[in-house]
Chemist: 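Quick one: structure below, then a few questions.
This chain uses plain numbering: 1 for the first residue, then up along the sequence.
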Amino acid sequence: MAVPLLDLKQQYRALEPQIQEAVRRVFESQQFILGEEVAALEREISRALEGVHAVGVASGTDALILALMALEIGDGDEVITTPYSFFATAGAIHRVGARPVFVDIDPETYLIRTDLVLRAVTPRTRAVLPVHLFGQMVDLDPLLEMARRRGLWIIEDAAQSIGATARTNGAIAQSGTLGTFGCFSFFPTKNLGGAGDGGLVTTRDSALADRVRSLRRHGEESTYVHTRVGLNSRLDALQAAILRVKLPHLESWNAAREANASRYQELFEKAGLIGPDGPIFLPRSRTGARHTYHQYVVRARGRDDLAASLKAAGIGCAIYYPIPLHLQQCFASLRHHRGDFPVAETAAASTLALPIFPGLVEPQQEEVVDAVRRFYSR
Ligand SMILES: Cc1ncc(COP(=O)(O)O)c(C=O)c1O
């Protein structure tokens, strides 16, 4: 039985009439940029995220760029981040003219090590950009405490973590609500995905929210009056209308991903593939945190051969991310070398994402685990 890495058609079939109706509504209005659909989505997401201000933008990448621009981070500034993320994280820092300063990750969660962040701060540091990778939040408490003390900003890259939570300062908080800014992506494959590119910036600061609203439309303060140079980065009404159909389902989709992760735990255990000498290391969830499993990423002995074997058996899998950011050619000017961030490099060489999407069913998961078992028993 073939098992896809992700099946978006299944999700579309289940919501087809509502999505078609949302598209029809936008065409009837002929209002394609911002407008009431985007405003309504911003209100609905704000309600879901503890009342933060929410600003719809053109992509998750632009959300990061706009957050950095709103804080006037640029030439000569340093932003501390992880070398193990999607390219946009460091790309956005570079794009505004600042320098990404990488620190290594934790080998079990693949999240940035906050103790190393604290040591990497210099007089040029303006912000820390932690990435809530694969659907799990970084422990922000030490970063928030340091940011307060040293006058730094925290920009959460929440592109992969909508709906994730963590216990911070004794209370449960949602991803994207604790930093100066939260940056989300609605790329189609995300837990909440649109029908094209889309993104969102969140903040609790109403003046900063207004600044991002202005920056997403060329820095316009009022019609044709520009006080700063921004971007053209507005969320499409069509995307907003479709995301509004999907948003009420996000909680149950995330719960289904969690249930699938628990089932993998049982199946891998039963297959004898995990444990101290096992070839597979399963994702670790931080204590007190809700992992929403945007990706289910295992570490696997002989990863490349396993991936080839799974693909040959019709099992979808993917490598996130094969080249750590510090080794990307476009960042050669940062003068990093192999060995600078060994944990990130090991993760890049040994991790593999397996199917975890909400509609995945038990026989498909059994098939995945059995294909892994067959590979290791050769
Ligand atoms: C961690 C991370 N940051 C940023 C982005 C950028 O989002 P987008 O693809 O919507 O520009 C993504 C998404 O792909 C991501 O996974």
Chemist: Do you see a donor-acceptor pair shorter than 3.5 Å between the side chains of Glu156 and His132?
Modeler: yes
Chemist: When the aromatic ring centroids of Tyr293 and Phe134 are compared, is their separation below 6.0 Å?
Modeler: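 That pair fails the under 6.0 Å test.
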Chemist: Does Asp340 use its side chain to pair, donor to acceptor, with the backbone of His337 at less than 3.5 Å?
Modeler: yes
Chemist: Looking at Glu42, Glu37, Glu21, which hits salt bridge (Lys or Arg N to Asp or Glu O under 4.0 Å) with Arg244?
Modeler: Glu37
Chemist: Is there a side-chain contact between Thr168 and Leu178 (heavy atoms, below 4.5 Å)?
Modeler: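 Yes, close enough: below the 4.5 Å cut-off.
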Chemist: May I ask you to decide whether Arg204 forms a salt bridge with Glu50, counting only side-chain N to carboxylate O separations under 4.0 Å?
Modeler: yes
Chemist: Should Tyr321 and Phe87 be marked as a ring pair (Phe, Tyr, Trp, His ring centres under 6.0 Å) after you check the CA-CA gap, both sets of side-chain angles, and the distance that decides it?
Modeler: CA-CA 9 Å; Tyr321 297 92; Phe87 178 77; over 10 Å; no
Chemist: Is there a donor in the side chain of Lys246 and an acceptor in the side chain of Gln18, or the other way round, less than 3.5 Å apart?
Modeler: no
Chemist: Is Glu72 close to Asp77 at the side-chain level, that is, under 4.5 Å between some pair of heavy atoms?
Modeler: no
Chemist: Where do Arg228 and Met69 land on the side chain to side chain contact (heavy atoms under 4.5 Å, CB included) test, with the steps shown first?
Modeler: CA-CA 10 Å; Arg228 48 175 78 81; Met69 287 173 74; over 6 Å; no
Chemist: Are Ser59 and Asp197 close enough that a side-chain donor and a side-chain acceptor fall under 3.5 Å?
Modeler: no
Chemist: Does one side chain, of Thr227 or Glu221, offer a donor that lies under 3.5 Å from an acceptor on the other?
Modeler: yes
Chemist: Flag the pair Arg234 and Glu220 as a salt bridge only when some basic side-chain nitrogen lies within less than 4.0 angstrom of an acidic carboxylate oxygen.
Modeler: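 So Arg234 does not pair with Glu220 through a salt bridge.
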Chemist: Between Lys9 and Asp7, does any NZ, NE, NH1 or NH2 come within less than 4.0 Å of an OD or OE carboxylate oxygen?
Modeler: no
Chemist: Examine the side chains of Gln20 and Tyr12 and answer whether a donor and an acceptor come within less than 3.5 Å of each other.
Modeler: yes
Chemist: Does this structure show an ion pair linking Glu266 with Arg263, if we count only N-O contacts that are shorter than 4.0 Å?
Modeler: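 No, this pair does not count.
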Chemist: Can you give each donor-acceptor pair under 3.5 Å made by side-chain atoms of residues 185-195, sequence neighbours left out, with the distance rounded to 0.1 Å?
Modeler:
{"from": "Ser185", "atom 1": "OG", "to": "Phe187", "atom 2": "N", "distance (Å)": "3.0"}
{"from": "Asn191", "atom 1": "OD1", "to": "His294", "atom 2": "ND1", "distance (Å)": "2.9"}
{"from": "Asn191", "atom 1": "ND2", "to": "Asn254", "atom 2": "OD1", "distance (Å)": "2.8"}
{"from": "Asn191", "atom 1": "ND2", "to": "Thr292", "atom 2": "O", "distance (Å)": "3.1"}

Chemist: Are Leu273 and Ile356 connected into the same hydrophobic cluster when the rule is that any two of I, L, V, M, F, W, Y join if their side-chain heavy atoms are below 4.5 Å apart?
Modeler: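 Yes, Ile356 connects to Leu273 through the hydrophobic network.
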Chemist: Can you check side chain to side chain contact (heavy atoms under 4.5 Å, CB included) on Tyr110 and Arg284, steps first, answer last?
Modeler: CA-CA 9 Å; Tyr110 314 115; Arg284 277 284 148 87; over 6 Å; no
Chemist: Aromatic rings His249 and Trp253: how do their planes relate, parallel, tilted or perpendicular, breaks at 30° and 60°?
Modeler: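 Rings of His249 and Trp253: parallel, under 30°.
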Chemist: Determine, step by step, whether Tyr264 and Leu360 satisfy the side chain to side chain contact (heavy atoms under 4.5 Å, CB included) criterion, reporting the C-alpha distance in whole Å, the side-chain angles of both residues, the deciding distance to 0.1 Å, and the verdict.
Modeler: CA-CA 11 Å; Tyr264 270 137; Leu360 190 71; 3.8 Å; yes
Chemist: Given the side-chain rings of Tyr296 and Tyr320, with only the six-membered ring counted for Trp, is the space between their centroids under 6.0 Å?
Modeler: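 No: the rings miss the under 6.0 Å criterion.
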Chemist: Using a strict threshold of under 4.0 Å (side-chain N to carboxylate O), is an ion pair present between Arg25 and Glu36?
Modeler: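 No, no charged N to carboxylate O under 4.0 Å.
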Chemist: Residues in ring-ring contact (aromatic ring centres under 6.0 Å, His included) with Phe341, at least two apart?
Modeler: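 If we apply the ring-ring contact (aromatic ring centres under 6.0 Å, His included) test to Phe341, skipping adjacent residues, the hits are His326, His336.
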Chemist: Using every non-hydrogen atom in the two residues, find where Ile73 and Ala98 come nearest and quote the distance to one decimal.
Modeler: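 Closest pair (atom of Ile73, atom of Ala98, distance): CG2-CB, 3.9 Å.
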Chemist: Might you work through the side chain to side chain contact (heavy atoms under 4.5 Å, CB included) test for Leu66 and Val212, ending with a clear yes or no?
Modeler: CA-CA 6 Å; Leu66 288 161; Val212 175; 4.3 Å; yes
Chemist: Would you please say whether a donor-acceptor pair under 3.5 Å links the side chains of Thr122 and Glu78?
Modeler: yes
Chemist: Would you say the side-chain atoms of Thr351 and Tyr84 include a donor-acceptor pair closer than 3.5 Å?
Modeler: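 Indeed, the side chains of Thr351 and Tyr84 share at least one donor-acceptor pair under 3.5 Å.
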